[in-house]
Number of protein chains: 2
Amino acid sequence: MFSIGQMSKQTHVKIPTIRYYEQMGLIAPPVRTEGNQRRYSQAALERLSFIKHARDLGLTIEAIRDLTDLSAHPEKPCADAHRIAKEHLASVRERIAKLQRLEVELARIEVGCDTGQMESCYVIQALADHSLCVEEH
Amino acid sequence: MFSIGQMSKQTHVKIPTIRYYEQMGLIAPPVRTEGNQRRYSQAALERLSFIKHARDLGLTIEAIRDLTDLSAHPEKPCADAHRIAKEHLASVRERIAKLQRLEVELARIEVGCDTGQMESCYVIQALADHSLCVEEH
DNA sequence: CTTGAACCTATAGCTACTAGAGGGATTATA
DNA sequence: TATAATCCCTCTAGTAGCTATAGGTTCAAG
């Protein structure tokens, strides 16, 4: 059995975050000692690792809940898990594309200014005037 | 003079958001009609456009506050504005790099699964087992 | 003058945590 | 066995940047 601190060290999930996940129903309430402290099983540790990993990959709590619900039914087809991963991949790609457009814009703004006075600063002008933008955002 | 609704339409900033910006001290409290409704000047409209544009580019409220404070002093050198833009560009590039690492991982996970049963679903396995990852995240 | 759209304030909710207060439990050492 | 150090408990509130709702007031067109 692991204390919450041991769980935290092994998974790199902070203690208040573990309690938060319990509150959110992502992990089951563990057994308690006589003194009311949480004690976790190996299975709980693995589940928390799963959650940590999925969060690192940017999945929402909601998506993770769906995935863990799915994995509780090994006999079901995994099309849903497939779909969740696919949707997430699409959203990641969208974010990348959006950020890359911003990068172009910011690089242009930043380079355009050669450290004169505020009065003529291109950074300020470019931010004030959307029409100076090369692309839409 | 513009009503808050007209401001909203022209800048595509939602009405509650405009009020929120006022609360946060990003825009000055405008004059009011006898009936207590907000009336904005042309200058206020331009300032809101600036804010909208900067937000679209992903700058934080804090950074925008810094920039607008700077632009209120046209005689100062614009090095600070330059620095804010530069820092933001660096953080955008970092986010892009991070998302691209995730993209690789997710694409691999998603392709690895060919819609069998949950029991052997690679999506679930990959999320459960960090050691299956190609790179760190 | 009436009516309907637009406006007002205040409060609560969203995501995914994080921090702090004030106190109790566990464990290692003397 | 006593004590100190560390760990853990609950509860509340705060973070960013809004968005939504409720319940009421004002404005502008016809």
Between [N] ([atom2]) and [X] ([atom1]): distance, integer Å:
X	N	atom1	atom2	answer
A:R55	C:dT18	CZ	P	10 Å
A:N36	C:dG22	CG	C1'	16 Å
B:M24	D:dT19	CE	P	14 Å
B:Y20	C:dA10	OH	P	17 Å
A:K52	C:dA16	NZ	C1'	13 Å
A:E34	C:dT27	CD	C1'	16 Å
A:I18	C:dA19	CD1	P	15 Å
B:I15	D:dT19	CD1	P	12 Å

If you compare every side-chain N and O of [X] against the phosphate oxygens of [N] (OP1, OP2), does one of them come in below 4.0 Å?
X	N	result
B:K14	D:dT19	yes
A:T33	C:dA25	no
A:R38	D:dT10	yes

What nucleotide among [options] has an atom nearest to a side-chain atom of [X]?
X	options	answer
A:Y21	D:dC9, C:dC8, C:dC17	C:dC17
B:R39	D:dC18, C:dT26, D:dA28	D:dA28
B:I61	D:dT19, D:dC18, D:dC27	D:dC18
B:R32	C:dC8, C:dA16, D:dC7	C:dC8
B:Q37	C:dC7, C:dA16, C:dT9	C:dC7
B:T17	C:dA16, D:dC7, D:dC18	D:dC18

Notebook entry, point to check: Given that A:E62 and B:S3 both sit by DNA chain C, which one's nearest nucleotide is further toward the 5' end?
Noted result: B:S3
Note to self: To check you understand the geometry: which heavy-atom pair defines the closest contact between A:M7 and A:I18, and what is its length?
What the structure shows: CB-CD1, 4.0 Å
Next item on the list: For A:H88 and A:G58, work out which heavy atoms get closest and say how close.
Entry: CE1-O, 3.0 Å
Taking [Y]'s backbone N and O only, do any of them form a donor-acceptor pair with [X]'s side chain (distance below 3.5 Å, no angle check)?
X	Y	value
A:R65	A:M24	yes
A:S8	A:I4	no
A:Q6	A:S3	yes

Notebook entry, point to check: NA contact type, B:R19, heavy-atom cut-off 4.0 Å: base, sugar-phosphate, or nothing?
Noted result: base
